[in-house]
Number of protein chains: 2
Amino acid sequence: MARRRNARGHGDRLREELLDAAEELLAEAGDEREVTVRAVVEKVGVTPPSLYLHFDDKAALIREVVARRFGALAAATSTAASQHPDDPAAALRAGVRAYLGWARDNPGGYAVLFSTHRETQLLRPDGTGGSDAFDNLVERVRRCQEAGVARDGDPHLLATLIWSAEHGIATLSVARPHFPWPDVDHLIDELLQRVVGLPGRVSS
Amino acid sequence: MARRRNARGHGDRLREELLDAAEELLAEAGDEREVTVRAVVEKVGVTPPSLYLHFDDKAALIREVVARRFGALAAATSTAASQHPDDPAAALRAGVRAYLGWARDNPGGYAVLFSTHRETQLLRPDGTGGSDAFDNLVERVRRCQEAGVARDGDPHLLATLIWSAEHGIATLSVARPHFPWPDVDHLIDELLQRVVGLPGRVSS
DNA sequence: ACCTGAACACCGTTCAAGT
DNA sequence: ACCTGAACACCGTTCAAGT
């Protein structure tokens, strides 16, 4: 009814516009089921069938949006960790903080990343995608051990514990806002100190 | 179309039947959005408007089902922990194992408990409900400290770390089945040993 | 008091048709 | 090649009506 531009130029810019619109709606709503096909196409200014020229179905659209946000999360943690090239303990801590900071600032965006029944592997041939963020975490733990600032133990298992805890904090703090949460930075310090034996905060 | 019993007896047995049907559908589907109002009423044998005689809307129905399952989860952990009245370490470990065992056996049922935007507090006047399960966990940690089998530290903070980690493991192991998960019992032992200093498995 | 029939405004998706 | 109009089978919810 309130459509604006009917004739679109050539090319598949529409595809990007649909992804952008879906990403914005997701960030606003914070809930996947409010991101409706009809709302996405209306935001762009086309009719529902146009979406199916570029995506198999709604799930495929959401899947690509999720992949984008995974990239943003991985970039945020990597960037934060790389600020401390000569201090493995600070790098590990900065990565965890950036992870939880990103989840706090993108509550809806974080939740969908792990919504159930998204069995499709997000791994891309170019290596970017889902799980190399975890590999980076393993690597950061290993560097701490080599530098002697972390206790011994299987780095994969330690990273799994850290990842589980930070994911738990990220989701529960959104789902249970009335719970008496301790200060998140303090929680992270305690987690890292107790799980991998990281010394208390030293700098920054 | 395929309705069976049209005339229902008096009383609000229908209310219980609707709750039972919704709980079963949720367990089967493992996804909240597959639990549809129309599927629930058809399973019971009534028409959609009948549901609104007993519940304000679909959200109210789901909320009551969630409250039921919270009760079941709390009962499972409490029962497991109470098997070890004279061994605080075994009680703490048994509670965490029961929590993750319940989540494993009720993947759909566990996920909905913490689905986002369920802001309504589940606390009931009678005290049963949401968060006394957490209080029990705090208490189990405190008993370990008193018995000298756990390190010092704020029990509330330690319980928060344990809860976050077990919640993270519970949700991620469902959302990421292809991740190389270590043995869950081993993961729990490592978690409790590293976070609260619980000694390695002693019995049972 | 309790339940139904019929309708409302939505939703994802498809298909023939337009340019 | 790209987009629309119109329809399909769903959904949650409401309202008048039946007994």
Side-chain angles (χ1 to χ4, degrees), chain A residues 1-23 25-26 28-66 112 115-118 120, chain B residues 1-23 25-26 28-66 112 115-118 120:
Chain A
M1 284 186 180
R3 219 167 298 107
R4 268 76 189 265
R5 45 186 143 142
N6 294 344
R8 195 80 205 71
H10 65 293
D12 50 6
R13 270 177 43 199
L14 177 57
R15 189 173 207 281
E16 292 301 314
E17 291 186 73
L18 290 168
L19 283 168
D20 290 343
E23 197 166 358
L25 284 171
L26 190 63
E28 292 168 16
D31 195 348
E32 183 177 353
R33 74 195 141 181
E34 288 194 35
V35 182
T36 179
V37 166
R38 296 176 121 102
V40 171
V41 297
E42 195 197 7
K43 196 176 173 90
V44 174
V46 292
T47 53
S50 298
L51 189 141
Y52 296 87
L53 271 329
H54 299 283
F55 302 95
D56 281 351
D57 50 19
K58 183 189 175 181
L61 206 218
I62 301 290
R63 221 180 297 134
E64 285 219 33
V65 173
V66 166
V112 280
S115 58
T116 50
H117 288 306
R118 196 171 305 296
T120 55
Chain B
M1 283 188 179
R3 217 168 301 106
R4 267 76 187 267
R5 44 186 143 143
N6 293 346
R8 196 78 206 72
H10 66 294
D12 50 5
R13 269 177 44 199
L14 177 56
R15 189 173 206 280
E16 292 302 313
E17 290 186 74
L18 290 168
L19 284 168
D20 290 343
E23 198 166 359
L25 284 171
L26 189 63
E28 292 168 15
D31 193 348
E32 183 178 352
R33 74 194 143 185
E34 287 194 37
V35 181
T36 180
V37 166
R38 296 175 121 102
V40 171
V41 298
E42 196 197 7
K43 197 177 173 91
V44 173
V46 291
T47 53
S50 298
L51 188 141
Y52 295 87
L53 272 328
H54 299 283
F55 302 95
D56 280 352
D57 50 18
K58 183 189 175 182
L61 206 217
I62 300 290
R63 220 180 298 134
E64 285 219 34
V65 173
V66 166
V112 281
S115 58
T116 51
H117 289 304
R118 197 171 304 297
T120 55

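Every chain is numbered from 1, with letters handed out A, B, ... down the list of sequences.
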Residue pair [X] / [Y]: nearest heavy atoms and the distance that separates them:
X	Y	value
A:Glu32	A:Ile62	OE2-CG2, 3.6 Å
B:Leu61	B:Leu18	CD2-O, 4.4 Å
B:Tyr52	B:Asp57	CE2-CA, 3.9 Å
B:Ala21	B:Val40	CB-O, 4.0 Å

Next on the checklist: Tell me if a side-chain donor or acceptor on B:Lys58 pairs with a main-chain N or O of B:Val35 at a distance below 3.5 Å.
Outcome noted: yes
Checklist entry - Rounded to whole angstroms, how far apart are CD on A:Glu42 and P on D:dG5? => result 14 Å
Checklist entry - Is the shortest side-chain N/O distance from B:His54 to OP1 or OP2 of C:dC2 below 4.0 Å? => result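 Result: no.
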Next on the checklist: C:dC3, OP1 or OP2 - any side-chain N/O from B:Ser50 closer than 4.0 Å?
Outcome noted: no
Item to check | A:Arg15: partners by side chain to side chain donor-acceptor pair (under 3.5 Å), with sequence neighbours left out | outcome: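 Side chain to side chain donor-acceptor pair (under 3.5 Å) check on A:Arg15 returns A:Glu64.
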Next on the checklist: Using the side chain to side chain contact (heavy atoms under 4.5 Å, CB included) criterion, which residues pair with A:Pro48? Sequence neighbours excluded.
Outcome noted: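 Applying side chain to side chain contact (heavy atoms under 4.5 Å, CB included) to A:Pro48 gives A:Arg38, A:Val41.
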Next on the checklist: Which residues pass the salt bridge (charged side-chain N to carboxylate O under 4.0 Å, His left out) test with A:Asp20, not counting sequence neighbours?
Outcome noted: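 A:Asp20 satisfies salt bridge (charged side-chain N to carboxylate O under 4.0 Å, His left out) with A:Arg68 only.
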Item to check | Pairing stems for DNA chain D [at least three consecutive pairs; Watson-Crick or G-U; under 3.5 angstrom] | outcome: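 Runs of three or more consecutive pairs: C:4-8 with D:12-16, C:12-16 with D:4-8.
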Might you list the N or O atoms of the protein lying below 3.5 Å from N or O atoms in nucleotides 7-14 of chain C, with each pair's distance?
| from | atom 1 | to | atom 2 | distance (Å) |
| --- | --- | --- | --- | --- |
| C:dC11 | O3' | A:Thr36 | OG1 | 3.0 |
| C:dG12 | OP1 | A:Thr36 | OG1 | 2.9 |
| C:dG12 | OP1 | A:Val37 | N | 2.8 |
| C:dG12 | OP1 | A:Lys58 | NZ | 3.4 |
| C:dG12 | OP2 | A:Thr36 | OG1 | 2.5 |
| C:dG12 | OP2 | A:Val37 | N | 3.0 |
| C:dG12 | OP2 | A:Arg38 | N | 3.3 |
| C:dG12 | N7 | A:Arg38 | NH1 | 2.4 |
| C:dG12 | O6 | A:Arg38 | NH1 | 3.2 |
| C:dT13 | OP2 | A:Tyr52 | OH | 2.7 |
| C:dT13 | OP2 | A:Lys58 | N | 2.9 |
| C:dT13 | O5' | A:Tyr52 | OH | 3.1 |

